[in-house]
Amino acid sequence: MEDKTKVVLLSSGFSMFGMRAKIALAEKGIKYEYMEEDLSNKSTLLQEMNPIHKKIPVLIHLGRPICESLIIVEYIDMVWYNNAPLLPSDPYQKAQSRFWADFVDQKVYHASRRVWTSKGDEQKLAKKDFLESLKQLEEFLGDKPYFGGDTFGFVDVALIPFYCWFYTYETFGNFKVEAVCPKLIAWTKRCMQKESVSETLADQKEVYESVLDYKRKFILD
């Protein structure tokens with residue numbers, strides 16, 4: 001009989017959204033089964049567990065699916081609340097964390113994707129939008145070690161997976177994040193000292209090669 005108490009994560013290797021779930025699970029010390037998805041040939045399990053969007057990541061716990069990466073991270077934080085809390089207990093601070101994590105999805109992600117999928121004036125605008133969003137995050141970070149203050153938290157989990165994509169954005173867009181956001185890069189280096197992060201994030205050059213391969217297959221230059 002299938003063990004419905006086990007934790008299963010459906011994701012794909014270079015997905016920053018899947019990395020969020022991996023980092024949160026690692027922070028909590030939760031053992032889980034990882035199942036790699038081929039997004040060009042999605043498994044029956046993925047389509048059954050996320051019938052609305054059929055997207056990764058999906059966390060399966062107690063035989064039930066949880067979809068969307070930020071919802072997954074918050075679910076992990078609520079279920080295993082006794083260890084390494086990611087969201088603050090204060091209602092205002094919790095609301096702020098949710099706002100900035102959503103900002104990462106709404107601003108950083110969409111602009112960053114346009115950096116490597118576009119050209120010319122459209123790419124210039126994408127680069128401007130991407131760097132502007134990072135500068136706004138850097139301003140929110142301020143002089144704190146982490147977005148969560150002295151401890152690694154929800155916004156840190158939301159943003160740090162993008163770091164392994166920085167080389168790709170910089171190479172296609174011909175810029176350096178550190179030149180614009182030095183405090184943010186210092187933050188990434190602090191995060192990379194955490195085992196949950198360093199053992200989860202993909203190699204930057206491998207991400208770049210995967211993007212090149214994707215563009216050759218699906219994007220006509």
Side-chain angles (χ1 to χ4, degrees), residues 1-28 30-76 79 101-102 104-106 108-119 126 130 157-173 192 195-221:
M1 182 179 292
E2 181 184 359
D3 180 9
K4 289 189 178 293
T5 65
K6 73 179 180 180
V7 179
V8 178
L9 178 64
L10 311 181
S11 189
S12 182
F14 298 124
S15 167
M16 65 276 285
F17 303 110
M19 291 178 210
R20 288 172 172 174
K22 290 181 180 179
I23 291 169
L25 289 165
E27 282 290 299
K28 300 287 186 175
I30 304 304
K31 293 182 179 179
Y32 64 97
E33 178 183 347
Y34 176 72
M35 299 180 68
E36 178 76 13
E37 282 289 333
D38 177 358
L39 299 182
S40 64
N41 184 26
K42 297 175 183 179
S43 71
T44 301
L45 180 61
L46 173 61
Q47 296 181 67
E48 289 176 350
M49 291 293 102
N50 190 358
I52 304 301
H53 299 300
K54 300 179 175 62
K55 296 192 305 184
I56 53 134
V58 177
L59 185 77
I60 305 171
H61 181 225
L62 303 176
R64 301 176 300 189
I66 302 93
C67 306
E68 301 297 327
S69 63
L70 292 179
I71 295 173
I72 289 170
V73 172
E74 186 163 359
Y75 177 87
I76 291 168
V79 172
D102 182 68
V104 173
D105 280 3
Q106 299 303 322
V108 177
Y109 172 67
H110 291 294
S112 68
R113 182 173 174 82
R114 284 162 43 221
V115 169
W116 63 267
T117 58
S118 61
K119 286 184 170 184
F130 175 62
V157 174
L159 182 60
I160 192 58
F162 284 79
Y163 177 54
C164 64
W165 281 75
F166 276 14
Y167 177 78
T168 296
Y169 307 146
E170 292 173 335
T171 303
F172 280 102
M192 287 298 288
E195 190 174 300
S196 62
V197 176
S198 62
E199 294 193 357
T200 295
L201 264 58
D203 179 83
Q204 293 197 15
K205 298 293 180 65
E206 290 181 4
V207 171
Y208 176 68
E209 291 299 325
S210 75
V211 168
L212 285 179
D213 186 55
Y214 177 87
K215 284 175 69 73
R216 281 193 292 265
K217 289 180 179 177
F218 301 108
I219 300 179
L220 296 176
D221 289 332

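Just so it is clear, the structure is predicted and the values come from calculations on it, not from any experiment.
Ala111 meets the side chain to side chain contact (heavy atoms under 4.5 Å, CB included) test with Arg114, Asp129, Phe130; sequence neighbours excluded. In this view, Glu37 and Ser43 satisfy the side-chain hydrogen bond (donor to acceptor under 3.5 Å, both in side chains) rule, not counting sequence neighbours. With sequence neighbours excluded, the residues that form a side chain to side chain contact (heavy atoms under 4.5 Å, CB included) with Glu199 are Glu195. Residues passing the ring pair (Phe, Tyr, Trp, His ring centres under 6.0 Å) test with Phe172, sequence neighbours excluded: Tyr208. For Glu33, the salt bridge (charged side-chain N to carboxylate O under 4.0 Å, His left out) partners at least two apart in sequence or on another chain are Lys6. For Gln204, there are no side-chain hydrogen bond (donor to acceptor under 3.5 Å, both in side chains) partners, not counting sequence neighbours. The ring pair (Phe, Tyr, Trp, His ring centres under 6.0 Å) search around Tyr32 returns none, not counting sequence neighbours. Under the side-chain hydrogen bond (donor to acceptor under 3.5 Å, both in side chains) criterion, Asp38 pairs with Ser40, not counting sequence neighbours. By the ring pair (Phe, Tyr, Trp, His ring centres under 6.0 Å) test, Phe162 pairs with no residue at all, sequence neighbours left out. Here Glu74 pairs with Arg98 under the side-chain hydrogen bond (donor to acceptor under 3.5 Å, both in side chains) rule; sequence neighbours left out.
When every heavy atom of Val207 is checked against every heavy atom of Thr168, the shortest pair comes out as CG1-OG1, 3.7 Å.
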Using a 3.5 Å cut-off and no angle test, enumerate the donor-acceptor pairs between side-chain atoms of residues 10-25 and protein atoms at least two apart in sequence or in another chain.
{"from": "Ser15", "atom 1": "OG", "to": "Phe17", "atom 2": "N", "distance (Å)": "3.2"}
{"from": "Ser15", "atom 1": "OG", "to": "Gly18", "atom 2": "N", "distance (Å)": "3.0"}
{"from": "Arg20", "atom 1": "NE", "to": "Ala158", "atom 2": "O", "distance (Å)": "2.9"}
{"from": "Arg20", "atom 1": "NH1", "to": "Ser69", "atom 2": "OG", "distance (Å)": "2.8"}
{"from": "Arg20", "atom 1": "NH1", "to": "Asp105", "atom 2": "OD1", "distance (Å)": "3.0"}
{"from": "Arg20", "atom 1": "NH2", "to": "Asp105", "atom 2": "OD1", "distance (Å)": "2.7"}
{"from": "Arg20", "atom 1": "NH2", "to": "Ala158", "atom 2": "O", "distance (Å)": "3.0"}

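Side-chain contact between Lys31 and Val7 is absent, with no heavy atoms from C-beta onward closer than 4.5 Å. No side-chain heavy atom of Glu209 sits under 4.5 Å from any side-chain heavy atom of Asp213. Side-chain contact check for Ile71 versus Ile66: some heavy-atom pair is nearer than 4.5 Å. Using a 4.5 Å heavy-atom threshold, the side chains of Pro57 and Ile72 count as touching. Between Leu45 and Ile60 there is a side-chain heavy-atom pair separated by less than 4.5 Å.
A side-chain donor-acceptor contact under 3.5 Å links Ser112 to the backbone of Tyr109.
The structure places CD1 of Ile52 at 11.0 Å from CD of Glu68, a figure rounded to the nearest 0.5 Å.
Relative ring orientation between Tyr169 and Phe166 is described as tilted, the plane-to-plane angle lying within the 30° to 60° band.
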Open item on the list: Applying side chain to side chain contact (heavy atoms under 4.5 Å, CB included) to Val58 and Leu9, what does each step give before you reach the verdict?
Closed with: CA-CA 6 Å; Val58 177; Leu9 178 64; over 6 Å; no
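Listed by first and then second residue, the side chain to side chain donor-acceptor pair (under 3.5 Å) pairs involving residues 47-58 amount to none (not counting sequence neighbours).
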